Amino acid sequence: MYFPAKIIVFNKIDLSVLLLRSMAELNKVRVRFAPSPTGGLHLGGVRTVLYNYLFARQHNGRFILRIEDTDQSRYVPGAEEYIFNCLKWVGLEPDESVIHGGSFGPYRQSERKALYRQYAEQLVKEGYAYYAFDTPAELEEMRSRYKTDQNPSPQYDHTVRSAMRNSLAMSESEVQKLLAENARHVIRIKMPEAETVRFTDMIRGEVSFNTAVVDDKVLLKADGMPTYHLAVVVDDHLMEISHVFRGEEWLPSAPVHILLWRYLFGAEAMPQWAHLPLILGPNGKLSKRDGAKYGFPVFAMNWTDPATGELTEGFKEKGFLPEAFINLLALLGWNDGSEQEIFSKDELVEKFSLERVHSGGAKFDYEKAKWFNHEWIKKLQVSGLREQVKQVLGNSGIRVTDEQLLDNVLALVKERCTLLTDFAEQAGFFFKAPGKYDMDAVKPKWNETKQAFFLKLLQAYNPKDSWKPDELETLFKEMVTAQKIKVGELMLPLRIMLVGGKFGPGVFQIAGLLGKEETVLRIRKFLDLLQ
RNA sequence: GGCCCGUUGGUCAAGGGGUUAAGACGCAUCCCUUUCACGGAUGAAUCACGAGUUCGAUUCUCGUACGGGCUACCA
């Protein structure tokens, strides 16, 4: 009597679990970053990657990287590999891509070329698009003909299309003849003459457009490649993308994409859109130029233009930690509402939410960016810094052989380094005696008494068996008190002897790490130099 | 020019009808530190403007101004 009831209950549970699972499959989150491999990876691009990544991780979804290389004239060798290197550096690697694989490939649009034409043709057949045979010269002619002060950039739209050479204006037989002759042509979307297209953006709410003022965008180019507009819609559908995050600069062409979705795959199937606020420079959208002009990086990593050989410095080489780079990017347009500003990647995955992304653009502040890096250098354990600092020291000709010393040095100096490159100055002298000294800090005030003092110091330090900072300091101060000189008057010269300049941690801390031998050697060397 | 999006200190920003309008960066001054940092303290905003709604608008509505984006067979 009791048993059957129990079995029924179990069955119910199994059913609901199954139901939930299939619903989860249906609503599977799939997002994508779709860069065009034409040059360096802009910090705005990395932020888009980040938001995609965070959203995917948060929803147990997949993050896809699709290469949008439909413009063959803009092909730049190496750019694609460079993008992957950047993503690897920041630790935001895709689940599916050209190199990560996946079952929705190919992930490079140029390899999907054959796919797009049928969709464009279908649109023509259904009256949503048309063939256009206008040559570049004819387009140019149209633009200059309609150009006025009131209308500085005439569009190819419903007001002019009947006066152009396209399948809407020409006779059926004429069109067929041209097509049979393989005449160069494009396929353009036929924008409705007056319709309001609206959609709900996840960041800015309802946005609406009047199709009358949107032009008949080219969907399929004369070379058979799709334009961005056709390709995004087709690929987002085929790759089952659920949410699209892209820059605000795409907002004006959103109605084209909405319409294409409606015509091709149905509005219900459309992914949700989120147009991210722009990252601004001192004047407008942040550009590579701004970086060069104001002296801060814009690209994630160094990028050398293969055509011109021009090098653009990246955040990595400038001395940024990937942790800091991600952190500062996340906060450029988003915050969790609390006072917290330092977030690890895991915390971001946990706390990020689209609802808290701003709609207004944010001006990039390099000073604040450096602050984030400083915070992360302070926060990170030496183990997280070791390899990167070795690299930095290596770049200035210092090879680290004593790993233990490196760890001690890092712990001692990291709080005074804002960029990783600062370690060259702040840590370098521990491994290599100063090559030159800040003589101005010593010479003007140097005298016989001081010279004598240091000789005596040498005599006191040399025979010491233990070598602890505290003891060295006490001994030093005891000896100074015997003189009629201020402690500072002698401490600064000692610093210069050991460090070379007026910087670094406490002098005796330095001496401690340097060891007796090296400390004595440096003092003696300097004294000789002054003779 | 047209269309779209936006507007809280120099910058990033919290707050969304009644608040002394958070916090951070940067800046300035001071304290700590016999270097430089770190750390601590203090200082600086009539919430773009004008109407409206309201007992009351930074917060809601509408205009204006300003800023930005788009306006290619580029993405």
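The shown structure was predicted, so the numbers you read here are calculated from the model rather than taken from an experiment. Just so it is clear: chains get the letters A, B, ... in the order the sequence lines come, proteins before strands, and each one is counted from 1.
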Query raised in the report: Does OP1 or OP2 of B:C70 have a side-chain N or O of A:K285 closer than 4.0 Å?
Result: yes
Report task. Would you state whether a donor and an acceptor, one from the side chain of A:K368 and one from the base of B:A24, lie under 3.5 Å apart? Result -> yes
Query raised in the report: From A:W273 CH2 over to A:I258 CD1, what is the distance, rounded to the nearest 0.5 angstrom?
Result: 6.0 Å
Report summary line: Distance col, row A:N327:CG vs A:F320:CZ, nearest 0.5 angstrom, shows 11.5 Å
Query raised in the report: Can you find a side chain N or O atom of A:K221 that sits less than 4.0 Å from OP1 or OP2 on B:A72?
Result: no
**Report entry** Pairing partner of B:U11 (Watson-Crick or G-U wobble, both distances under 3.5 Å)
**Finding:** B:A24
Requested in this report: Determine: side-chain N/O of A:R246 to OP1/OP2 of B:C70, distance under 4.0 Å, yes or no.
Outcome: no
Requested in this report: Examine B:C73: is either OP1 or OP2 under 4.0 Å from a nitrogen or oxygen in the side chain of A:H229? Give yes or no.
Outcome: no
Report summary line: In whole angstroms, the gap separating C1' of B:C73 from CG of A:D216 amounts to 14 Å
Query raised in the report: Which part of the nucleic acid, if any, lies within contact of A:R188, taking any heavy atom under 4.0 Å across all strands shown: a base, the sugar-phosphate backbone alone, or nothing?
Result: sugar-phosphate
Report task. Measure the spacing between CD1 of A:I510 and CZ of A:R495 and express it to the nearest 0.5 Å. Result -> 5.0 Å
Report task. Please work out if A:R495 contacts a base, only the sugar-phosphate, or nothing of the nucleic acid, heavy-atom cut-off 4.0 Å. Result -> base
Query raised in the report: Has A:T70 got a side-chain N or O lying under 4.0 Å from the OP1 or OP2 atom of B:A75?
Result: yes
Requested in this report: Take the protein atom CH2 of A:W250 and the nucleotide atom C1' of B:C3, then report the distance between them rounded to whole Å.
Outcome: 17 Å
Query raised in the report: Base, sugar-phosphate, or nothing: which does A:G360 touch, judged by heavy atoms less than 4.0 Å apart?
Result: sugar-phosphate
Query raised in the report: Is there a side-chain polar atom (N or O) of A:K363 under 4.0 Å from OP1 or OP2 of B:A13?
Result: no
Requested in this report: Answer yes or no: is there an ion pair linking A:R66 with A:E68, defined by an N-O contact shorter than 4.0 Å?
Outcome: yes
